[in-house]
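The structure under discussion appears below in the form of structure tokens.
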Amino acid sequence: MKRYAFVIMVSLILASCGTKTGETKLPDDWNEIVSQAEGSKVNLFMWGGDEAVNHYIDDVVAPGLKKEYGISLKRVPMDTPEILQKLQTEKRAGKKDGSMDIVWMNGENFKNAKGNDLLSGPITDRLPNLTSYYNEKDFENDFGTPTEGYEAPWGKVQFVFFYNSDKIDSPPRTVDELKSFVKEHPGKFTYPVPTDFTGNAFIRHLLNANSDQPIEKAGEDIEEAGGKVWDDLNEMKGDLWRDGKTYPKELTDLDRLFGQEEVWISMGYNEARAESLVKKGIYPEGTKPFLLEDAGSIGNTHFLSVPFNSPNQAGALVAIDYMLSPEMQLEKMQPDGWGDSTPISMDKLEDGMRKKFEELDRGDTVPDPALLEEAYIGEMDASYVEWVKEHWVREVAETD
């Protein structure tokens with residue numbers, strides 16, 4: 001009887017090891033995957049707070065994917081933490097066929113998704129465009145979390161500030177100059193709360209300016225740098241927009257304030273995002289870019305992943321591969337659209353396509369590429385994103 005129970009126990013263990021939760025169950029042959037995907041529907045869940053991004057998906061990617069493969073792509077706007085919460089709920093309920101096929105994510109959200117087995121994969125070894133045009137060694141980590149093929153690189157961005165040149169002759173160039181600007185122009189500067197990724201990134205730039213080493217290598221000294229940052233933010237607080245008693249909840253709120261000239265400085269985690277906003281009349285025509293020299297310009301890569309219970313894995317992979325194609329990446333960089341930079345390795349492109357990328361004029365509101373390259377710094381470990389949120393509430397928001 002004991003031996004029988006032991007056999008049952010071993011069998012259960014072996015059975016549980018046989019199929020990993022979220023394992024990609026698709027043919028190895030790409031043509032077979034395409035055949036399965038043709039005519040299907042793919043649900044892309046993603047943050048919907050940027051109209052240029054939404055336009056790119058709805059009016060460029062979706063029609064192209066429909067024409068090329070007969071796949072209907074539906075964009076579902078939802079904040080990424082809510083997406084992960086929904087996936088967690090479905091996982092606990094044992095829901096094998098969920099409602100999501102692709103999720104846009106990076107950083108802290110990827111770390112949480114991967115750590116809680118919410119993703120299907122690895123997927124990158126099945127994507128022909130990624131294999132042909134990308135250097136996967138460039139994307140082995142995401143905010144310090146090993147990607148291990150569970151997400152495909154979709155775009156690259158760097159953090160840039162923008163100012164209204166009709167109101168400001170010369171923008172601040174250092175954190176100290178920013179503090180002086182705020183004091184001399186009460187109510188004309190603010191930043192989103194750090195639960196918003198732009199507001200959080202703004203604070204991480206201040207951490208970099210106050211740290212003895214780049215924040216991507218931050219260790220125990222981050223507490224000391226943080227103390228200086230909270231002092232700086234509290235020093236500015238009373239002279240911020242609405243006396244620092246309230247803050248924009250997200251980047252689109254800051255965009256509106258900047259467009260209405262209530263504040264004279266904006267910011268964003270995309271060096272080219274202002275170009276389309278100016279053309280649409282959302283940003284003032286006098287919008288120009290600048291960087292805080294001592295804070296640098298944090299850059300990172302954002303990715304596409306497939307949830308563990310995607311009901312259409314084949315369609316998800318074909319859609320992702322399509323979005324990674326040189327043609328869609330070039331379209332994504334257009335200055336009157338999203339303006340997002342590409343993670344493609346230029347040396348892997350054919351001469352004609354590489355020339356199109358190199359000759360693309362991204363517009364007057366985009367900093368010089370050499371300046372961006374010189375100012376570039378990598379991201380902190382994803383755990384510090386939450387650290388910033390918690391400490392800002394305690395050290396800044398809740399203080400008088």
Audit row: Ser132, Lys348, side chain to side chain contact (heavy atoms under 4.5 Å, CB included) steps and yes/no:
CA-CA 7 Å; Ser132 298; Lys348 291 193 174 188; over 6 Å; no

Residues Glu90, Lys86; criterion salt bridge (Lys or Arg N to Asp or Glu O under 4.0 Å); working and verdict
CA-CA 6 Å; Glu90 292 178 354; Lys86 180 176 174 64; 3.7 Å; yes

Side chain to side chain contact (heavy atoms under 4.5 Å, CB included) between Ile222 and Tyr384, worked out:
CA-CA 9 Å; Ile222 199 66; Tyr384 286 108; 3.6 Å; yes

Using the rule given for side chain to side chain contact (heavy atoms under 4.5 Å, CB included), can you reason through Ile320 versus Val306, listing the C-alpha separation, both sets of side-chain angles and the distance that settles it, and then say yes or no?
CA-CA 9 Å; Ile320 290 173; Val306 178; 3.8 Å; yes

Leu118/Lys114 under side chain to side chain contact (heavy atoms under 4.5 Å, CB included): CA gap, chis, key distance, verdict
CA-CA 6 Å; Leu118 301 180; Lys114 184 168 179 271; over 6 Å; no

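Salt bridge status for Arg394 with Glu390: absent, with no side-chain N to carboxylate O gap under 4.0 Å. In this structure, Asp336 does not pair ionically with Lys279, as no charged nitrogen and carboxylate oxygen lie closer than 4.0 Å. Looking at Glu275 and Arg362, no side-chain N of the basic residue comes within less than 4.0 Å of a carboxylate O on the acidic one, giving no salt bridge. One finds no salt bridge joining Glu359 and Arg354 here, because no Lys/Arg side-chain nitrogen approaches an Asp/Glu carboxylate oxygen to under 4.0 Å.
Connectivity analysis of hydrophobic side chains (ILVMFWY, heavy atoms under 4.5 Å, direct or indirect) links Phe143 to Val385.
The aromatic rings of Tyr69 and Tyr322 sit perpendicular, their planes meeting at an angle over 60°, well past the 30° parallel limit. The aromatic rings of His205 and Phe161 lie perpendicular to each other, with more than 60° between the two planes, well past the 30° mark.
Side-chain contact between Leu127 and Leu317 is present, with at least one heavy-atom pair separated by less than 4.5 Å. Looking at heavy atoms from C-beta onward, Leu73 lies in side-chain contact with Val61 at the 4.5 angstrom threshold. At least one side-chain heavy atom of Pro367 sits under 4.5 Å from a side-chain heavy atom of Val160. In this structure, the side chains of Lys74 and Val76 come closer than 4.5 Å at one or more pairs of heavy atoms. The side-chain heavy atoms of Met267 and Thr198, taken from C-beta on, include a pair separated by under 4.5 Å. At a threshold of 4.5 Å between non-hydrogen side-chain atoms, the residues Thr124 and Thr147 do not count as touching. Residues Met105 and His302 form no side-chain contact, since every pair of their non-hydrogen atoms from C-beta on lies 4.5 Å or further apart. Residues Arg92 and Gln88 have side chains in contact (heavy-atom distance under 4.5 Å, counting atoms from C-beta outward).
Residues Lys332 and Gly155 come closest through the heavy atom pair NZ-CA, 3.6 Å. In this structure, Ala152 and Leu130 approach most closely via the heavy-atom pair CB-CD1, 4.0 Å. Nearest heavy-atom pair, Gly259 versus Pro284, reported as atom, atom and distance to 0.1 Å: CA-CD, 4.1 Å. Counting all heavy atoms, side chain and backbone alike, Phe181 lies closest to Pro172 at CB-CG, 4.5 Å.
To the nearest 0.5 Å, atoms CG (Asp381) and CD (Glu386) are separated by 12.5 Å.
At least one donor-acceptor pair under 3.5 Å links the side chain of Glu177 to the backbone N or O of Arg173. Judged purely by atom type and a 3.5 angstrom limit, Asp29 uses its side chain to pair as donor or acceptor with the backbone of Asn31. Checked by atom type and distance alone, the side chain of Asp294 pairs as donor or acceptor with a backbone atom of Val175 at under 3.5 Å. A distance-only check finds no donor-acceptor pair linking the side chain of Trp338 to the backbone of Gln334 [under 3.5 Å]. Within the 3.5 Å criterion, the main-chain N or O of Asp28 finds no donor-acceptor partner in the side chain of Glu32. Without hydrogens or angle criteria, Ser297 side chain to Ala375 main chain gives no donor-acceptor distance under 3.5 Å.
Take Trp241 and apply the ring pair (Phe, Tyr, Trp, His ring centres under 6.0 Å) test, not counting sequence neighbours, and it matches no residue. Partners of Pro128 under the side-chain contact (heavy atoms from CB on, under 4.5 Å) rule, at least two apart in sequence or in another chain, are Trp30, Asp321.
Side chains of Ser120 and Gln313: a donor on one and an acceptor on the other come within 3.5 Å. Neither side chain, Thr287 nor Asn164, offers a donor N or O lying under 3.5 Å from an acceptor on the other. Donor-acceptor pairing under 3.5 Å is lacking for the side chains of Thr174 and Asp176. If you check the side chains of Arg204 and Asn200, you find a donor sitting under 3.5 Å from an acceptor. In this structure, a donor-acceptor pair under 3.5 Å is present between the side chains of Ser72 and Lys66.
Summarising the local packing, NZ of Lys356 is surrounded by 12 or fewer heavy atoms from other residues, nucleotides or ligands at distances under 6.0 Å. Residue Lys389 places its NZ atom among more than 12 non-hydrogen atoms of other residues, nucleotides or ligands, all under 6.0 Å distant. Within a 6.0 Å sphere centred on CD of Glu374, other residues, nucleotides and ligands contribute 12 heavy atoms or fewer. Within 6.0 Å of atom CD in Glu350, 12 or fewer heavy atoms from other residues, nucleotides or ligands are found, so the atom counts as exposed in its surroundings. Taking a 6.0 Å sphere around CG of Asp368, one finds it holds more than 12 heavy atoms contributed by other residues, nucleotides or ligands. Around CD of Glu285, the count of heavy atoms belonging to other residues, nucleotides or ligands within 6.0 Å does not exceed 12. Surrounding CD of Glu262 are more than 12 heavy atoms belonging to other residues, nucleotides or ligands, all under 6.0 Å away. The number of heavy-atom neighbours closer than 6.0 Å to NZ of Lys288, taken from other residues, nucleotides and ligands shown, is 12 or below.
Linking Ile, Leu, Val, Met, Phe, Trp and Tyr residues whenever their side-chain heavy atoms come within less than 4.5 Å places Leu26 and Val318 in a single cluster. Transitive grouping of hydrophobic side chains (ILVMFWY, heavy atoms separated by less than 4.5 Å) keeps Tyr376 and Leu207 in distinct clusters. Cluster membership check: Val366 does not share its hydrophobic cluster with Leu330, using side-chain heavy-atom separations under 4.5 Å among Ile, Leu, Val, Met, Phe, Trp and Tyr.
Each of Asp142, Thr301, Asn300 was compared with Glu379 under the side chain to side chain contact (heavy atoms under 4.5 Å, CB included) criterion, and only Asn300 meets it.
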Which pairs would a plain distance check flag for residues 244-257, meaning a side-chain donor or acceptor within less than 3.5 Å of a matching protein atom at least two apart in sequence or in another chain?
{"unit_1": "Glu250", "atom_1": "OE2", "unit_2": "Thr252", "atom_2": "OG1", "d": "2.9"}
{"unit_1": "Asp253", "atom_1": "OD2", "unit_2": "Lys249", "atom_2": "N", "d": "3.3"}
{"unit_1": "Asp253", "atom_1": "OD2", "unit_2": "Glu250", "atom_2": "N", "d": "3.3"}
{"unit_1": "Asp255", "atom_1": "OD1", "unit_2": "Arg273", "atom_2": "NH1", "d": "3.0"}
{"unit_1": "Asp255", "atom_1": "OD1", "unit_2": "Tyr283", "atom_2": "OH", "d": "2.6"}
{"unit_1": "Asp255", "atom_1": "OD2", "unit_2": "Arg273", "atom_2": "NH2", "d": "2.8"}

Could you pull out every donor-acceptor pair under 3.5 Å between side chains of residues 187-194 and any protein atom, sequence neighbours left out?
{"unit_1": "Tyr191", "atom_1": "OH", "unit_2": "Trp392", "atom_2": "NE1", "d": "3.0"}

Please tabulate, for side-chain N and O atoms in residues 34-48, each donor-acceptor pair with protein atoms closer than 3.5 Å (sequence neighbours left out).
{"unit_1": "Ser40", "atom_1": "OG", "unit_2": "Ala37", "atom_2": "O", "d": "2.5"}
{"unit_1": "Ser40", "atom_1": "OG", "unit_2": "Asn312", "atom_2": "ND2", "d": "2.9"}
{"unit_1": "Asn43", "atom_1": "ND2", "unit_2": "Ser99", "atom_2": "O", "d": "3.1"}

